[in-house]
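Hydrogens, waters and symmetry mates are skipped; everything else that's a heavy atom, side chains included, is used. The structure displayed is predicted, hence computed values, not measured ones.
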Amino acid sequence: MTSDITIKTLRLSKAYGHFKAVDQISFEVYAGEIFGFLGANGAGKTTAMRMLCGLLEPSSGEASVAGFDVYRRPEAIKKRIGYMSQKFSLYEDLTILENIRFFGGIYGLTYAQIREKGKLLTAELGLEAQAHSLVGSLPLGWKQKLAFSVAVLHDPKIVFLDEPTGGVDPITRRQFWDLIYAAAARGVTIFVTTHYMDEAEYCDRVSIMVDGRMVAMNSPEQLKLQYKAGSMEEVFYQLARKAQRSD
Amino acid sequence: MSQATKVLFVQMKAFVAKEFHHVFRDRKSLLLLFGLPIAQILLFGFALSNEIKNTKIGVFNQASDSESLRLIERVEASQYFEVSEILKNAQEMEDIFRAGKAKLILIIPPGFGQDLVHADSPGADLQIIADGSDPNSAYTVTSYLQNIILDFQKGLNPAEIQQRDYGLVTELRMLYNPQLKGAPNFVPGVMSLVLLLICVMMTSISIVREKELGTMEILLVSPFEPLLVILSKAIPYLILSLINLTLILILSVFLLEMPIHGNLLLLFAVSTVYIITCLSLGLLISTVTQSQQAAMLISLMGMMLPTMLFTGFMFPIENMPLPLQIISHLVPARYYYIIVKAIMIKGLGIAAIWKETLVLAGMAMLLLLISWRNFKIRLE
């Protein structure tokens, strides 16, 4: 049994013609850990993540998520993961409760579960008063927190977060990470891409992608030791400046 | 109900509910949805009939006898004319036309009644002068007036007609049958146009909007089947289109006094087939476009013009050059127009329209298949 490993890839690649967006990456993510997926723009993070979520078919290599093969059982994977994209992923013209009802519904929760989760979630975020107001009217930080809570509504084993805190102020980012910690404490594996190197410090382990390849993977402490750097910022800079391509 | 079906039911219900929220929250789409059919029906209905209904007519009555007054009464009593000017002399005529106070002037010569009644007279003369600056409408209203005069002539003592030739100079050739109002021609046309526009535009926009907003990605990551995404997108618009159809029919029947001779149930059943064809077209457009503007443009330009041209309610298809006639066979509205006319006006049953219905159903299947394939490819 791969009881501890929830994501496993072996030489996973995605090529568009001659362009190798993702070039033979191999890594493992353990259950319940916060795994930071770092890289400059165009390094191939989003492509890799999309392959793991079943949005994109890999060109070659192997990958399994939550114990299921990405080629053969994408529908089994989809039931067990949550996903939050770079773009805001809730419907702004729906109220908070309507969004919860919708996402709960398409993930196959029962009405009783949806009602209960809806109450719990709004209470947790302190949004009870706003439960019936349109999501579009909320401040960005609250929207992001709400989006995360909705992404883990169906108790997924793994949640994929694609630059979830873009454009949010530091305080809200900190609060957002509290939510992430809480989810991780419940045993949810967090797979998160980010630009912010202070966020990289919050992760249990991070990997760094440069030009489609994975050039480093370890805990932030080990990486700082290895590269004799004071912060993840410096580690990242040392690695990423060798990049040949950008956007 | 098995567990899987139950889940499916919950998923679909959640999705359809969400779509209705989208529609009812968006003023623009609501306006499009219900404003368009109402505006079209009113526009076509009254633009086409208003002019004929209350055409202003001037009368220069030089006879002023009882026969001439009866004739004028007759003209005024018809819903087509409104006597707006009573002329006192021939010089006023020019001014009336220049000022646009009347489209027609009816001149009744002195001694009209005498000439009409007396056996030894060669017959009575009337003169109609029309404003020829708009030849089409001048021709039409002149024909209407002639028809009224003919009626007037027939209304005179019928026994005397047998014996005497009154010699009222009227042209009997009718270009436009006043009993056949405009509505039967354009209501089926408006129905096919409006349903097409709404179904194609609203579905394509609603799907492309999800792509633009990034929520499509979320849907595709969810366990909800792509095919079901398509289906759930179509269901709300199918329901809204049927409501729309009802609205159009109610307006036509009560406002335009257009009868429905055929089976209403059949009309709705066949309309559902047409609506599904249009929805499939919208889905197809949504799979090949990336922005709401593009979807809107293709729906409007790519659908509206061919539909207006090739449906046959504005321009007869038989008069078109052969290549255009062939193209017209690709336009779904063409078949629906034939179907609606057959059911509503001729009161025919399924036997008369099964071929057209089959063509529409075939088109829908083909379009759905292509859009489903396209949609799947987009995933990978």
Side-chain angles (χ1 to χ4, degrees), chain A residues 14 46 49-59 65 71 73-95 97-114 134-136 147 150-151 153-154 156 158-160 162-163, chain B residues 1-30 205-233 235-236 290-292 375-380:
Chain A
K14 180 72 190 179
T46 301
M49 189 182 248
R50 291 167 71 93
M51 286 193 281
L52 296 176
C53 293
L55 279 175
L56 211 59
E57 181 123 315
S59 305
V65 175
Y71 295 97
R73 302 292 308 279
E75 74 294 340
I77 294 174
K78 285 177 177 179
K79 278 183 199 155
R80 289 163 179 84
I81 61 170
Y83 177 72
M84 187 177 158
S85 75
Q86 274 172 15
K87 290 188 186 171
F88 181 60
S89 45
L90 299 178
Y91 293 96
E92 305 222 358
D93 56 342
L94 264 57
T95 66
L97 277 187
E98 284 164 357
N99 266 293
I100 292 171
R101 263 184 236 132
F102 171 67
F103 285 103
I106 63 166
Y107 275 94
L109 302 187
T110 63
Y111 294 122
Q113 282 173 321
I114 292 172
L134 298 185
V135 167
V150 170
L153 193 69
H154 56 290
I158 306 159
V159 60
F160 291 89
D162 195 1
E163 286 173 24
Chain B
M1 209 158 42
S2 77
Q3 189 57 37
T5 359
K6 222 185 252 170
V7 169
L8 201 72
F9 183 71
V10 172
Q11 286 180 323
M12 294 276 279
K13 211 181 145 201
F15 206 108
V16 172
K18 168 193 91 96
E19 288 303 316
F20 274 114
H21 285 311
H22 286 322
V23 175
F24 289 113
R25 293 268 156 77
D26 184 12
R27 287 228 181 98
K28 269 184 290 175
S29 64
L30 263 186
I205 288 178
S206 85
I207 294 181
V208 173
R209 185 175 53 196
E210 302 243 12
K211 284 196 209 171
E212 252 183 22
L213 293 177
T215 43
M216 186 55 86
E217 236 177 69
I218 308 292
L219 295 180
L220 295 179
V221 175
S222 82
F224 201 45
E225 283 278 325
L227 184 65
L228 291 178
V229 173
I230 287 187
L231 208 64
S232 314
K233 275 281 180 193
I235 289 174
Q290 296 301 324
S291 76
Q292 291 184 65
F375 196 74
K376 282 197 104 174
I377 289 163
R378 295 220 59 80
L379 270 178
E380 280 145 25

Which portion of [X] sits near chain B, non-hydrogen atoms under 4.5 angstrom:
{"X": "Phe160(A)", "result": "neither"}
{"X": "Leu134(A)", "result": "side chain"}
{"X": "Leu109(A)", "result": "backbone"}

Smallest separation among heavy atoms of [X] and [Y], with atom names:
{"X": "Leu94(A)", "Y": "Arg25(B)", "result": "CA-NH1, 3.6 Å"}
{"X": "Gly105(A)", "Y": "Ala14(B)", "result": "CA-CB, 3.7 Å"}
{"X": "Gly108(A)", "Y": "Val7(B)", "result": "CA-CG1, 3.9 Å"}

Can you tell me how far [atom2] of [Y] sits from [atom1] of [X], rounded to the nearest 0.5 angstrom?
{"X": "Glu75(A)", "Y": "Ser222(B)", "atom1": "CD", "atom2": "OG", "value": "12.5 Å"}
{"X": "Asp93(A)", "Y": "Arg209(B)", "atom1": "CG", "atom2": "CZ", "value": "6.0 Å"}
{"X": "Lys78(A)", "Y": "Leu220(B)", "atom1": "NZ", "atom2": "CG", "value": "6.5 Å"}
{"X": "Phe102(A)", "Y": "Phe224(B)", "atom1": "CZ", "atom2": "CZ", "value": "7.0 Å"}
{"X": "Leu90(A)", "Y": "Leu213(B)", "atom1": "CG", "atom2": "CG", "value": "11.5 Å"}

For Glu217(B), give me all partners under side-chain hydrogen bond (donor to acceptor under 3.5 Å, both in side chains), at least two apart in sequence or on another chain. Arg50(A), Tyr83(A)
Considering only heavy atoms from C-beta outward, does the side chain of [X] approach that of [Y] to under 4.5 Å?
{"X": "Glu210(B)", "Y": "Tyr91(A)", "result": "yes"}
{"X": "Ser85(A)", "Y": "Ile218(B)", "result": "yes"}
{"X": "Val10(B)", "Y": "Thr110(A)", "result": "no"}

Please classify the contact between Glu212(B) and chain A as side chain, backbone, both or neither, with a heavy-atom cut-off of under 4.5 Å. backbone
I'd like to know which of Asp26(B), Val221(B), Thr215(B) tops the heavy-atom pair count under 4.5 Å against chain A. Val221(B)
Apply side-chain contact (heavy atoms from CB on, under 4.5 Å) to Leu97(A) and list each qualifying residue two or more places apart in sequence or on a separate chain. Thr95(A), Ile100(A), Arg101(A), Ala131(A), His132(A)
With Pro223(B), the side chain to side chain contact (heavy atoms under 4.5 Å, CB included) member among His154(A), Lys79(A), Arg80(A): Lys79(A)
Side chain of Lys18(B), backbone of Glu98(A): donor and acceptor closer than 3.5 Å? no
